[in-house]
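Worksheet: one structure, shown below.
Because only heavy atoms are used, hydrogens play no part in the values below, and waters and symmetry mates are left out as well, while side chains stay in.
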Amino acid sequence: MSFDIYVCRFENGEPALLDMNAAHEVLDPHVVARDPGLHFLQVSTGTGEMADVYFSSPTNITFNRFGGEGVMDLLAGLLLRLDAVLIVPGGTVVLQREEDEELLPAPLKEGCTTVVARTGAEITEVIRAA
């Protein structure tokens with residue numbers, strides 16, 4: 001898929017820092033290319049299963065051109081490890097737990113649909129429906 005999705009954390013309605021060391025621990029075993037100057041990784045979990053990953057800011061990791069069951073499972077594992085949510089184009093926020101909605105900023109709570117999805121397959125379904 002060639003659109004951007006965003007891994008973010010929120011606390012008390014405000015963006016919160018992501019644990020970038022933990023993110024690298026999850027992603028680094030799958031890295032096939034990197035550009036430290038651009039804060040970019042390309043990950044692969046198998047033939048045809050790739051994602052471009054940008055460490056955009058201390059509060060955001062962006063996935064682009066992603067696809068494949070293994071990549072989606074990797075994304076699900078990253079969300080769990082970082083205690084993060086996934087913001088999908090079209091106004092959908094993927095949560096790990098229903099109660100995570102309370103952590104979101106008011107514009108996301110009021111203007112987006114929230115969906116609990118914990119596995120790669122569930123996240124894929126949410127993205128396709130968005």
- Item | Closest heavy-atom pair and its distance - Ala121, Asp73 | N-OD1, 4.2 Å
- For Ala130 and Val88, the nearest pair of non-hydrogen atoms, with its separation, is CB-CG1, 4.0 Å
- Message: Run the side-chain contact (heavy atoms from CB on, under 4.5 Å) test on Phe63 and Leu74 for me, step by step, so that the C-alpha distance in whole Å, both residues' side-chain angles and the decisive distance to 0.1 Å come before the verdict.
- Response: CA-CA 11 Å; Phe63 276 64; Leu74 181 63; 5.7 Å; no
- Message: Could you check whether any side-chain N or O of Ser44 sits under 3.5 Å from a backbone N or O of Glu49, counting only pairs where one atom can act as donor and the other as acceptor?
- Response: yes
- Atom CG in Asp100, atom CG in Leu79: separation rounded to 0.5 Å? 10.5 Å
- Got a second to check how far Leu95's CG is from Thr114's OG1, nearest 0.5 Å? 5.0 Å
- Message: So does Leu17 get a backbone contact from the side chain of Arg9, meaning a donor-acceptor N/O pair under 3.5 Å?
- Response: yes
- Item | Pairwise distance CD(Glu125) to CE(Met72) - rounded to 0.5 angstrom | 10.5 Å
- Message: Counting only heavy atoms not in Glu98 (residues, nucleotides, ligands), do more than 12 fall under 6.0 Å from its CD?
- Response: no
- Please lay out, stage by stage, how Arg118 and Leu80 fare under the test side-chain contact (heavy atoms from CB on, under 4.5 Å). CA-CA 8 Å; Arg118 295 181 187 95; Leu80 181 63; over 6 Å; no
- Query: So do Leu108 and Ile87 actually touch side chain to side chain, heavy atoms under 4.5 Å?
  - Reply: yes
- Measure across Lys109 and Glu102 and return the closest heavy-atom pair with its distance rounded to 0.1 Å. NZ-O, 3.6 Å
- State plainly whether one hydrophobic cluster holds both Val43 and Leu86, where clusters connect Ile, Leu, Val, Met, Phe, Trp and Tyr through side-chain heavy atoms under 4.5 angstrom apart. yes
- Shared hydrophobic cluster, Val53 / Val7 (ILVMFWY, side-chain heavy atoms < 4.5 Å): yes
- Query: Would you say Val126 and Phe3 are hydrophobically clustered, going by side-chain heavy atoms of ILVMFWY under 4.5 Å?
  - Reply: yes
- Ring centres of Tyr54 and Tyr6 under 6.0 Å apart? no
- Nearest-0.5 Å distance, OG1 of residue Thr45 to CD of residue Glu69: 9.0 Å
- Item | Trace of the side-chain contact (heavy atoms from CB on, under 4.5 Å) decision for Leu82 with Ile61 | CA-CA 11 Å; Leu82 298 180; Ile61 299 171; 4.0 Å; yes
- CZ on Arg34 to NE2 on His24, rounded to 0.5 Å: 7.0 Å
- Message: Please tell me whether Ile5 and Leu78 are part of a single hydrophobic cluster in this structure, the criterion being side-chain heavy atoms less than 4.5 Å apart.
- Response: yes
- Message: Applying side-chain contact (heavy atoms from CB on, under 4.5 Å) to Phe55 and Leu27, what does each step give before you reach the verdict?
- Response: CA-CA 11 Å; Phe55 288 75; Leu27 298 172; 3.9 Å; yes
- Task: Give a yes or no on whether Val71 and Val26 share a hydrophobic cluster (residues Ile, Leu, Val, Met, Phe, Trp, Tyr; joining criterion: side-chain heavy atoms under 4.5 Å apart).
- Result: yes
- Determine, stepwise, if the pair Asp83 / Arg97 fulfils salt bridge (charged side-chain N to carboxylate O under 4.0 Å, His left out). CA-CA 10 Å; Asp83 196 25; Arg97 298 170 299 273; 2.7 Å; yes
- At their closest point, which heavy atom of Cys8 faces which heavy atom of Leu18, and how far apart are they? C-CD2, 4.1 Å
- Message: Quick check for you: to the nearest 0.5 Å, what is the distance between Thr92 atom OG1 and Ile123 atom CD1?
- Response: 12.5 Å
- Query: Just wondering, are more than 12 heavy atoms of other shown residues or ligands nearer than 6.0 Å to CG in Asn12?
  - Reply: no
- Return yes if some donor-acceptor pair links the side-chain N/O of Glu122 with the main-chain N/O of Thr119 below 3.5 Å, else return no. yes
